[in-house]
Amino acid sequence: MAIDMPAHSPDTLEIRTRKKTIIPKGDNQIAFARHLFDKDISLGLGPAGTGKTYLAVTAAASKLIDGTVERLILSRPAVEAGERLGYLPGDMKDKVDPYMQPIYDALNDAFPSKQLAKLIEEKNIEIAPLAFMRGRTFHNAAVVLDEAQNATVMQMKMFLTRLGKGSTMAITGDPLQVDLPKGVESGLADAALKLRDVKEIGMVHFTYDDVVRHPLVKEILRAYSA
């Protein structure tokens, strides 16, 4: 699956995929993109609209394209679903796909639709809820955990310890937007605190100034946080 040019250009920090070239904007996006390629584990924390998920998924896709890894493992906690998953129609993929849509959106920007469908069918790309990660070890894979603020402390520990040889992990989320039941500590906030002094782990804290959606979004976020 090699391409003619490297998927990651260290000078310009371009992330090159099958469909487009992504150029990080702003100091925090550039720092996060650098960590995604230079560190085995990278954490991106901050508000919605800062490009955390998009950068993490497209960077993972570029690693698959240039052969750095053999597969992608993309996950989110399906917190909103809870036990209601069983009442939704369809198989497990049908039940969890709505919670994975932001990941699919980023993948659709990285791969042509037919190629993406084939990669998913052949298990080169796996998209699954966090609960499905228990008991596994990921070798030669780019692993992304999105909406990680909705992982519990034990789930986060479980996820981090899945890291195998030749693999990288990207963890993204907003510690201020936790959907866990009252009194349940967020695994993302806990991990950010426990791992802050581990030099081998890259960590970037995004702010409202990093929001790249409509200019009103950052003002809305500021208003609600106040």
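In this text the structure is predicted, and so the values were computed from the model without any measurement. In what follows, residues are counted from 1 in the order of the sequence shown. The figures that follow rest on heavy atoms only: side chains count, while hydrogens, waters and symmetry mates do not.
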Item to check | Side-chain touch Ile171/Asp146, heavy atoms, less than 4.5 angstrom | outcome: no
Item to check | Exam field: side chain Asn150 to backbone Asp179, donor-acceptor pair closer than 3.5 Å | outcome: yes
Checklist entry - Which pairs with one or both residues in residues 189-206 pass side chain to side chain donor-acceptor pair (under 3.5 Å), sequence neighbours excluded? => result Asp190-Lys194
Checklist entry - So, are Asp109 and Lys19 salt-bridged, with charged N and O less than 4.0 Å apart? => result no
Item to check | CG (Asn140) with more than 12 external heavy atoms under 6.0 Å | outcome: yes
Next on the checklist: Could you tell me if Thr168 and Lys39 have a donor-acceptor pair between their side chains, going purely by distance under 3.5 Å?
Outcome noted: no
Item to check | Within 45° cone of Phe138 ring axis and under 6.0 Å: Lys165 NZ or CZ | outcome: no
Next on the checklist: Determine whether a donor-acceptor pair (N or O, by modelled atom type, separation under 3.5 Å) exists between the side chain of Gln149 and the backbone of Asp174.
Outcome noted: yes
Checklist entry - Under the salt bridge (Lys or Arg N to Asp or Glu O under 4.0 Å) test, which residues partner Asp209, sequence neighbours left out? => result Arg222
Next on the checklist: Keeping Ser42 on the side-chain end and His35 on the backbone end, is there a donor-acceptor pair under 3.5 Å?
Outcome noted: yes
Item to check | Flag, side chain of Thr58 to backbone of Tyr54, donor-acceptor distance under 3.5 Å | outcome: yes
Next on the checklist: Donor-acceptor check, side chain of Glu121 to backbone of Lys118, threshold 3.5 angstrom: yes or no?
Outcome noted: no
Item to check | side-chain contact (heavy atoms from CB on, under 4.5 Å) between Leu116 and Asn108, worked out | outcome: CA-CA 7 Å; Leu116 177 58; Asn108 283 322; 3.1 Å; yes
Checklist entry - Could you walk me through whether Val144 and Ile73 pass the side-chain contact (heavy atoms from CB on, under 4.5 Å) check? => result CA-CA 6 Å; Val144 177; Ile73 310 291; over 6 Å; no
